[in-house]
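These notes are about the structure you will find just below.
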Protein chains: 2
Amino acid sequence: MTRLREREWRLSPQRRVVAEVLVGEHVHLTAEQVHDLARDRLPEISRATVYNTLNELVALGEVGVVDIVDGAKRYDPNTAEAHDHLVCETCHTIRDVPRAGTRPTVPKRVRDGFLVTGVDVVYRGVCPDCARRHRAGRKR
Amino acid sequence: MTRLREREWRLSPQRRVVAEVLVGEHVHLTAEQVHDLARDRLPEISRATVYNTLNELVALGEVGVVDIVDGAKRYDPNTAEAHDHLVCETCHTIRDVPRAGTRPTVPKRVRDGFLVTGVDVVYRGVCPDCARRHRAGRKR
DNA sequence: TTTACTGCAAACCGTTTGCAGTTCC
DNA sequence: GGAACTGCAAACGGTTTGCAGTAAA
């Protein structure tokens with residue numbers, strides 16, 4: 001992540017911190033979460049700079065945007081391998097799902113001149129934690 | 001659409017108009033578009049009422065929400081048969097895609113206690129009109 | 001008559017933008 | 001030194017909400 005950028009980018013403390021916050025597996029932070037985490041390391045960083053930096057990282061292809069739940073975009077540093085998402089309808093956490101087997105396709109009759117360039121698959125459900133909490137709730 | 005509702009709902013001119021606007025095939029209107037069309041028939045109808053009514057129709061299961069492009073939710077009256085969506089990245093129009101063949105599933109290892117209740121598939125690409133316009137643009 | 005719905009306007013949330021000041025190269 | 005970046009605050013687009021008034025049953 002760091003390497004590539006040094007060739008394209010003016011490196012500022014703010015940008016470094018935003019990039020660092022996004023390192024990891026199964027990371028799908030909202031802009032606000034990124035801002036909070038970034039402020040832990042660099043208290044003066046502004047919301048505008050976080051948004052600007054996130055948009056630049058997206059434009060550079062360094063992070064992806066996941067916009068499948070509750071209004072707020074999530075930023076996903078895993079652009080290396082294509083993957084789908086499994087989202088909990090209750091707590092809105094997201095789990096990455098590696099792609100396996102055949103991908104769904106649009107039947108020829110329906111496609112009809114439409115150039116299809118990609119497919120997004122989103123699985124929805126209830127995560128183990130929320131399922132447990134829900135069971136506990138009923139019992140009480 | 002009308003029938004079911006009469007058992008659940010207080011029927012007002014505003015609500016009737018919103019419901020009527022949403023009748024049809026391949027209908028994926030934004031709230032604002034619904035408001036505009038509704039005003040053609042009932043000029044005094046307010047934005048708030050349109051939003052309230054749309055939310056009620058969604059809660060009743062009479063219409064679905066499609067939230068896959070450019071910030072604004074689309075309202076989809078086709079809840080009878082499950083279908084996927086094909087969206088043009090350029091003009092943001094949406095085409096319904098009937099489901100055929102097998103649906104993608106989450107590998108057991110990844111699922112791991114997560115209860116999966118649904119899968120959304122979104123195909124992205126360029127519609128014939130936009131592709132044509134794009135070609136014309138290059139030629140010029 | 002009563003309860004539920006409407007319209008208005010203000011509030012809201014996530015995000016973007018204009019601008020003056022600052023920093024990186 | 002100059003272009004590029006930052007922070008602030010205001011503006012934005014889509015959506016929701018509080019409230020006083022109105023209308024469906």
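A, B, ... follow the sequence lines: proteins, then strands. Residue 1 opens every chain.
Side-chain contact between A:His92 and A:Arg74 is present, with at least one heavy-atom pair separated by less than 4.5 Å.
Protein atom NE2 of A:His35 is 12 Å distant from nucleotide atom C1' of D:dT6, rounded to whole Å. Rounded to whole angstrom, the span from the CG atom of A:Leu42 across to the P atom of D:dT6 amounts to 10 Å. Whole-Å rounding puts the B:Tyr51 OH to D:dT17 C1' distance at 13 Å. The CD-P distance, from B:Glu32 to D:dG13, rounds to 10 Å in whole Å. Across the protein-nucleic acid pair, A:Leu11 atom CG and C:dC24 atom C1' stand 10 Å apart, rounded to whole Å. We find that CG of B:Asp67 is positioned 13 Å from C1' of C:dG14, with the value rounded to whole Å. Here the C1' atom of nucleotide D:dT15 and the CD atom of B:Glu56 are 15 Å apart, to the nearest Å. One interatomic measurement links the two molecules: CG of B:Leu54 to C1' of D:dT16, which rounds to 13 Å at whole-angstrom precision.
Phosphate proximity of D:dA23 to B:Gln14: absent, as no side-chain N or O sits under 4.0 Å from OP1 or OP2.
Checking B:Ala72 against B:Asn52, the closest nucleotide of DNA chain D that is more toward the 5' end is the one next to B:Ala72. Toward the 5' end of DNA chain C, the nearer of the two residues B:Ser12 and B:Arg47, judged by each one's closest nucleotide, is B:Ser12.
Among B:Asp96, B:Thr93, B:Asn78, the single residue meeting the side chain to side chain donor-acceptor pair (under 3.5 Å) criterion with B:His28 is B:Asp96.
For A:Asp36 and A:Arg47, the salt-bridge test fails: no basic side-chain N is under 4.0 Å from an acidic carboxylate O.
In terms of polar N and O atoms assigned as donor or acceptor, the side chain of A:Arg10 never comes within less than 3.5 Å of the base of D:dC5 in a complementary pairing.
As judged by a 4.0 angstrom heavy-atom cut-off over every strand, B:Asn55 is placed among residues touching the sugar-phosphate backbone only.
Minimum heavy-atom separation, A:His85 to A:His83: NE2-NE2, 3.1 Å.
Listed nucleotides: C:dG7, C:dC5, D:dT16. Nearest to the side chain of B:Arg15: C:dC5.
Around the CD atom of B:Glu25, the shell of radius 6.0 Å holds no more than 12 heavy atoms that belong to other residues, nucleotides or ligands.
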